[in-house]
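The structure appears right after this line, and notes come after that.
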Amino acid sequence: MTQLGTTPSQTVGPYLSIGLTWDDGVFVAPKGTPGGFWIRGRLTDGNRDTVPDGLIETWQADPEGRFNHPDDPRGAVAPSVEGFRGFGRSATDANGEWAVHTVKPGRVPGVDGALQAPHVDVSVFARGMLQRVVTRIYFADEEAANASDSVLASVPAAARETLLATPTEDGYRFDIRLQGDGETAFFAL
């Protein structure tokens, strides 16, 4: 019997973000929301080249640490911030930049019942990837909460910094590197 080789892999893109965004998709919280800020970042590949056609999705609790979703084991509740939807989607631009406008999430209980540090869940879609990769944004100015977060503690110490958004003038900066030195820590689901 003849042994056949594998077929070439299929990849996503290059027009990944077309049709997957909407006008106010970057607004997890409406513009003008008290306490609202931007999380901005750049998506780069293993060569440190920008990824101009990626897609970043975010999902988070409201400032009270609650989700308006039936999967919240405590039950879905209306958001504590008017117009907050907990979900955002941003395509990257020609410079690989993305942004979402949001509010800082509250602490939510983890699997063991202990409170997790405030964080935003992130899915990254980009050409060349067969599946999304998933990570979290923690806030560098939440040192005490971060120190007690079991998920963050599970990440090797050298990679934890890749999960910290740093304060900026209008919010936070969180760059995402898909491969190579300084690669963002990604989680298996």
Side-chain angles (χ1 to χ4, degrees), residues 17 21 25-65 81 84-108 110 114-126 129 132-187:
S17 63
T21 58
V26 300
F27 290 99
V28 177
K31 200 171 191 174
T33 298
F37 56 82
W38 287 96
I39 302 176
R40 300 178 192 276
R42 177 177 287 146
L43 179 63
T44 58
D45 64 15
N47 293 323
R48 296 195 181 273
D49 295 331
T50 58
V51 178
D53 55 358
L55 189 71
I56 309 298
E57 283 185 350
T58 65
W59 177 254
Q60 67 173 84
D62 74 3
E64 302 301 318
V81 172
F84 175 83
R85 64 176 167 223
F87 178 78
R89 184 179 284 170
S90 174
T92 58
D93 66 14
N95 298 315
E97 295 283 334
W98 61 274
V100 292
H101 185 267
T102 190
V103 291
K104 191 174 276 189
R107 300 180 75 177
V108 299
L115 290 177
Q116 300 180 55
H119 68 274
V120 176
D121 296 310
V122 179
S123 289
V124 181
F125 302 85
M129 296 170 28
R132 68 181 174 146
V133 289
V134 176
T135 190
R136 283 183 167 190
I137 299 171
Y138 288 93
F139 300 92
D141 54 2
E142 295 282 349
E143 293 175 18
N146 291 343
S148 65
D149 187 281
S150 61
V151 175
L152 189 56
S154 72
V155 176
R160 281 185 207 143
E161 244 181 68
T162 69
L163 300 179
L164 299 179
T166 56
T168 63
E169 261 182 33
D170 66 348
Y172 292 88
R173 180 92 193 164
F174 186 76
D175 293 326
I176 301 169
R177 180 134 195 246
L178 294 171
Q179 289 180 308
D181 292 338
E183 176 182 330
T184 301
F186 297 106
F187 297 93

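Note that the structure is a prediction, hence the values are computed from the model and not measured.
Considering all non-hydrogen atoms of both residues, V120 and F139 come closest at CG2-CZ, 4.1 Å. Closest non-hydrogen pair, V51 versus D45, comes out as CG2-N, 3.9 Å. When every heavy atom of K104 is checked against every heavy atom of P118, the shortest pair comes out as CG-CB, 4.3 Å. When every heavy atom of W98 is checked against every heavy atom of I137, the shortest pair comes out as CH2-CD1, 4.1 Å. A pairwise comparison of heavy atoms in R42 and N95 identifies NE-O, 3.1 Å as the closest pair. Listed here is the closest heavy atom pair of P167 and D141: CG-OD2, 4.2 Å.
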Please lay out, stage by stage, how R132 and S123 fare under the test side chain to side chain donor-acceptor pair (under 3.5 Å). CA-CA 6 Å; R132 68 181 174 146; S123 289; 2.6 Å; yes

Are T33 and V103 close enough, and set up right, to give a side chain to side chain contact (heavy atoms under 4.5 Å, CB included), and what steps lead you there? CA-CA 8 Å; T33 298; V103 291; 3.8 Å; yes

Go through the steps for L163 and T184 under the test side chain to side chain contact (heavy atoms under 4.5 Å, CB included), then give the verdict. CA-CA 7 Å; L163 300 179; T184 301; 4.3 Å; yes

Worked check of side chain to side chain contact (heavy atoms under 4.5 Å, CB included) between W38 and V26: CA-CA 9 Å; W38 287 96; V26 300; 4.1 Å; yes

Check the pair V122, I56 against side chain to side chain contact (heavy atoms under 4.5 Å, CB included), reporting the backbone distance first and the verdict last. CA-CA 7 Å; V122 179; I56 309 298; 3.8 Å; yes

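Remark: L43 CG to D49 CG distance equals 11.0 Å, nearest 0.5 Å. Atoms OG and CG, from S90 and L55 in turn, are 7.5 Å apart once rounded to the nearest 0.5 Å. One distance of note links CG of D121 with CZ of R136; it measures 5.0 Å at 0.5 Å rounding.
For the pair Q60 and F84, the minimum side-chain heavy-atom distance is below 4.5 Å. For the pair T44/L178, no side-chain contact is recorded, criterion being any heavy-atom separation below 4.5 Å from C-beta on. Between R177 and R48, some side-chain heavy-atom pair lies under the 4.5 Å cut-off.
Sequence neighbours left out, the pairs with a member in residues 148-166 that pass side-chain hydrogen bond (donor to acceptor under 3.5 Å, both in side chains) are R107-S148, Y138-D149.
Aromatic ring orientation, F27 versus H101: tilted (interplanar angle from 30° to 60°).
Only one option out of D175, D170, T168 pairs with R40 in a side-chain hydrogen bond (donor to acceptor under 3.5 Å, both in side chains); it is D170.
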